[in-house]
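Here's the structure we're looking at; comments come further down.
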Amino acid sequence: MTEILFYHLQHQPLERVLPSLVERSLARDWRAAIQAASEERLQALDDGLWTYTDDSFLPHGTDRDPDHAGQPVVLTLRDTNPNEAAIRFLVEGAPLPADAADYARICVLFDGTDQDALLRAREQWKEAKAAGHTIAYWQQDEDGRWQKKA
């Protein structure tokens with residue numbers, strides 16, 4: 001079964017956390033898909049991955065690009081695997097994909113200061129557990145380091 005990790009963002013925003021998680025995935029030679037729930041968030045992530053640090057960027061595209069299947073990282077609004085990714089990042093409450101079992105790992109990133117996001121993450125936790133996936137919950141400490149809580 002797929003390993004599904006829940007990342008409870010409390011001290012750093014998604015735009016700061018996501019690039020480092022994607023970098024770690026690429027270091028494992030995993031292709032990544034990032035699914036958002038809105039066009040606005042997708043565009044913000046697209047822009048941010050090019051400029052998140054002064055000396056680095058993450059090569060990526062969107063599933064609207066004609067060559068998206070060859071990209072190491074693809075941003076999407078759809079419930080598909082546009083680049084045969086091994087890992088999928090779900091942000092902004094994007095649902096668990098129907099083909100969740102086809103991934104090595106799925107990461108659900110949610111804003112711990114948003115009550116609706118917390119409720120949605122709890123629903124996804126129950127859904128993942130009921131489907132038999134291996135699940136874990138990670139929370140940021142005061143210094144922004146990740147602590148495994150469950």
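All values derive from a computational prediction rather than experimental measurement. Throughout, residue positions are numbered sequentially from 1 according to the sequence presented.
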Hey, does [Y] have a side-chain heavy atom less than 4.5 Å from the side chain of [X]?
X: Leu21; Y: Val17; answer: yes
X: Leu26; Y: Val73; answer: yes
X: Asn81; Y: Tyr103; answer: yes
X: Ile87; Y: Cys107; answer: yes
X: Pro95; Y: Leu90; answer: no
X: Ile34; Y: Val74; answer: no
X: His68; Y: Thr62; answer: no
X: Tyr137; Y: His8; answer: yes

Looking at [X] and [Y], what are the two nearest heavy atoms and their distance?
X: Pro82; Y: Asp63; value: CB-CB, 4.0 Å
X: Gln147; Y: Asp141; value: NE2-OD2, 3.2 Å
X: Arg41; Y: Ala36; value: CG-CB, 3.8 Å
X: Ala150; Y: Trp125; value: CB-CH2, 4.2 Å
X: Arg31; Y: Ala69; value: NH1-O, 2.8 Å
X: Pro59; Y: Pro72; value: O-CG, 3.6 Å

Donor-acceptor pair, side chain of [X] and main chain of [Y], under 3.5 angstrom:
X: His133; Y: Ala131; result: no
X: Thr2; Y: Ala100; result: yes
X: Arg88; Y: Pro97; result: no
X: Asp114; Y: Ala117; result: yes
X: His60; Y: Asp46; result: yes
X: Glu3; Y: Arg105; result: no

Distance-only polar pair, side chains of [X] and [Y], donor-acceptor under 3.5 Å:
X: Gln12; Y: Gln140; answer: yes
X: Arg78; Y: Gln35; answer: no
X: Asn83; Y: Gln71; answer: no
X: Thr113; Y: Gln10; answer: no

What's the spacing between Leu77 CG and Leu42 CG if we round to 0.5 Å?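 Rounded to the nearest 0.5 Å, the CG-CG separation comes to 4.5 Å.
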
Which value, rounded to the nearest 0.5 Å, describes the distance between Arg122 atom CZ and Arg120 atom CZ? 13.5 Å

List for me each residue that meets salt bridge (charged side-chain N to carboxylate O under 4.0 Å, His left out) alongside Asp143, sequence neighbours excluded, and say none if there are none.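 With sequence neighbours excluded, Asp143 shows a salt bridge (charged side-chain N to carboxylate O under 4.0 Å, His left out) to Arg145, given in chain and number order.
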
Joint cluster assignment, [X] & [Y], ILVMFWY side-chain distance < 4.5 Å:
X: Val91; Y: Trp146; result: yes
X: Val108; Y: Leu75; result: no
X: Leu118; Y: Leu96; result: yes
X: Phe110; Y: Leu18; result: no
X: Phe89; Y: Leu45; result: yes

Can you list everything that forms a side chain to side chain contact (heavy atoms under 4.5 Å, CB included) with Glu84? Sequence neighbours excluded, please. none

Is the shortest side-chain N to carboxylate O distance from Arg64 to Glu39 below 4.0 Å?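 Yes, charged N to carboxylate O under 4.0 Å.
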
May I ask you to say whether Lys126 pairs ionically with Glu123, meaning some side-chain N is under 4.0 Å from a carboxylate O? no

Between Trp138 and Phe6, ring centroids under 6.0 Å: no

Begin from the C-alpha positions of Glu23 and Arg28 and carry the test salt bridge (Lys or Arg N to Asp or Glu O under 4.0 Å) through to its verdict. CA-CA 9 Å; Glu23 283 179 335; Arg28 290 179 162 216; over 6 Å; no

